[in-house]
Amino acid sequence: MKVTFKIWRYDPAKDVKPYFQDYTFDVKEGMTVLDCLYYIKENIDATLAFRASCRMGICGSCAMYINKKPRLACETQALSLGTDVIEIAPLPNYKNIKDLVPDLTPLFEKHKNVKPYIIPENEQEFINPTGEYSQTPAELEEYLQFAYCIKCGACLAACPTVGTTPDFPGPQALAQAYRYNADNRDFGEKERKVQVDNPKGLWRCHMAGACAEACPKGVDPALAIQLFKRSFFFTGRKPKARLIPLNKEKPARGGIKAPEPTV
Amino acid sequence: MSESKLWFLFIVAALILLVFLGIHLGYMHLDNILGVNDPLDYNNVKTRGQDTFWLVSYLILLVAALYHGMYGLRTILLEYFPQNLKFINGLIGIIGFLALILGSYVVIYSYIGG
């Protein structure tokens with residue numbers, strides 16, 4: 001089927017403002033939008049710039065605005081969009097570096113600000129571990145959904161609040177803050193709350209829910225934000241993760257061996 | 001006051017509004033069902049204004065509605081002018097305070113028989 005791709009072109013070195021360029025070719029069944037972009041780059045126009053890496057919905061590099069929705073190009077089947085004109089632009093709410101490449105620096109800065117890592121109760125235990133933490137499946141479930149974030153930035157592109165308030169941390173950072181707060185190995189809840197409890201922080205979310213719809217991994221940042229808000233007023237006691245002492249005994253002779261290398 | 005506390009009060013004000021606005025609307029518009037004799041009649045309005053229950057209800061309704069509305073307005077203004085936090089806080093504070101004084105004056109003046 002012949003499909004026309006209307007692709008956003010912008011080279012700050014030579015263009016005054018962005019414009020759309022059309023590319024028309026036969027798209028075969030099974031081709032993703034990313035495959036089509038590679039086809040254009042390899043066969044029609046080598047100057048087209050876009051970002052992609054894993055081609056399997058894991059790295060999040062190829063998030064772009066396809067037919068006016070933030071999607072991963074590698075996960076979007078070109079023909080399943082059901083249109084013979086496919087419009088592709090860089091993610092909105094970010095500075096455009098070139099063609100389809102957005103500047104994701106604000107995403108990572110906001111992510112870093114909410115301390116997206118486990119803050120231990122006892123720092124020494126993390127430096128010189130005496131054991132390993134165990135979690136029950138129920139404790140894992142508390143945060144597992146939110147741990148699937150691949151930092152593609154699609155949620156920030158969909159968020160109307162980020163559009164009007166660039167300093168708003170956005171759904172990605174807030175969902176990650178909640179992800180670590182909900183983890184029972186973590187003790188950094190107070191530090192993260194201080195980071196987001198300000199006039200441009202958590203409370204500016206007006207529950208449009210667009211982030212949840214845009215997320216290609218089903219993380220549902222909108223839910224995380226509501227749970228985060230609730231945690232300010234209804235703080236349930238978080239069970240501490242159990243520390244299981246390391247077994248420092250040497251393995252008995254003839255015990256379990258590492259598997260033999262195979263040819 | 002921290003932003004979380006302001007937001008919490010905004011939600012509390014909404015709950016108060018649900019109750020007191022419900023009483024107000026019920027009394028005014030379900031008059032036939034509740035057997036109230038013409039709630040908009042001048043004498044009835046005057047009698048209601050001089051009743052302590054209605055005085056307290058109207059003051060609570062006034063404070064809750066003003067806080068809820070002003071917080072909402074502040075949110076909208078902050079969305080349009082995110083860099084003007086101090087000015088917006090001041091503006092909202094002054095408008096809210098003036099409206100509170102004016103509203104309280106009307107309710108209290110009616111109560112003392114003005």
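Within every chain, numbering begins at 1; the chains are lettered A, B, ... in the order of the sequence lines, protein sequences first and strands thereafter. Fair warning: this is a prediction, and the values are worked out from it, not measured in the lab.
- Looking only at side-chain heavy atoms (C-beta outward), B/S4 and A/K229 stay at 4.5 Å or farther from each other.
- Residue A/R242 qualifies as enclosed at atom CZ: its count of foreign heavy atoms under 6.0 Å is above 12.
- A 6.0 Å sphere centred on OH of B/Y80 holds no more than 12 heavy atoms belonging to other residues, nucleotides or ligands.
- Rounding to the nearest 0.5 Å gives a distance of 5.5 Å between CG of B/L78 and CZ of A/R204.
- Counted within 6.0 Å of CD on A/E125, heavy atoms from surrounding residues, nucleotides or ligands total more than 12; the atom is thus considered enclosed.
- Within a 6.0 Å sphere centred on CZ of B/F8, other residues, nucleotides and ligands contribute 12 heavy atoms or fewer.
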Could you walk me through whether B/Y71 and A/W203 satisfy the side chain to side chain contact (heavy atoms under 4.5 Å, CB included) test, starting with their C-alpha distance in whole Å, then the side-chain angles of each, then the deciding distance to 0.1 Å, before giving a yes or no? CA-CA 11 Å; B/Y71 184 89; A/W203 314 99; 4.2 Å; yes
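- Sparse packing is recorded around NZ of A/K69, with 12 or fewer heavy atoms of other residues, nucleotides or ligands lying under 6.0 Å away.
- Atom CZ of B/F53 sits in a crowded spot, with more than 12 heavy atoms from other residues, nucleotides or ligands closer than 6.0 Å.
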Mind running side chain to side chain contact (heavy atoms under 4.5 Å, CB included) on A/D197 and B/E3 for me, showing each step along the way? CA-CA 6 Å; A/D197 190 13; B/E3 200 63 26; 3.3 Å; yes
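- The environment of OH in A/Y148 is sparse: at most 12 heavy-atom neighbours from other residues, nucleotides or ligands sit within 6.0 Å.
- Ranked by non-hydrogen atom pairs under 4.5 Å with chain B, the options A/T165, A/T161, A/L202, A/T164 are led by A/T164.
- Applying a 4.5 Å heavy-atom cutoff, the residues of residues 81-103 of chain B that approach chain A are B/P82, B/Q83, B/L85.
- Within 6.0 Å of CE in A/M207 there are 12 or fewer heavy atoms belonging to other residues, nucleotides or ligands.
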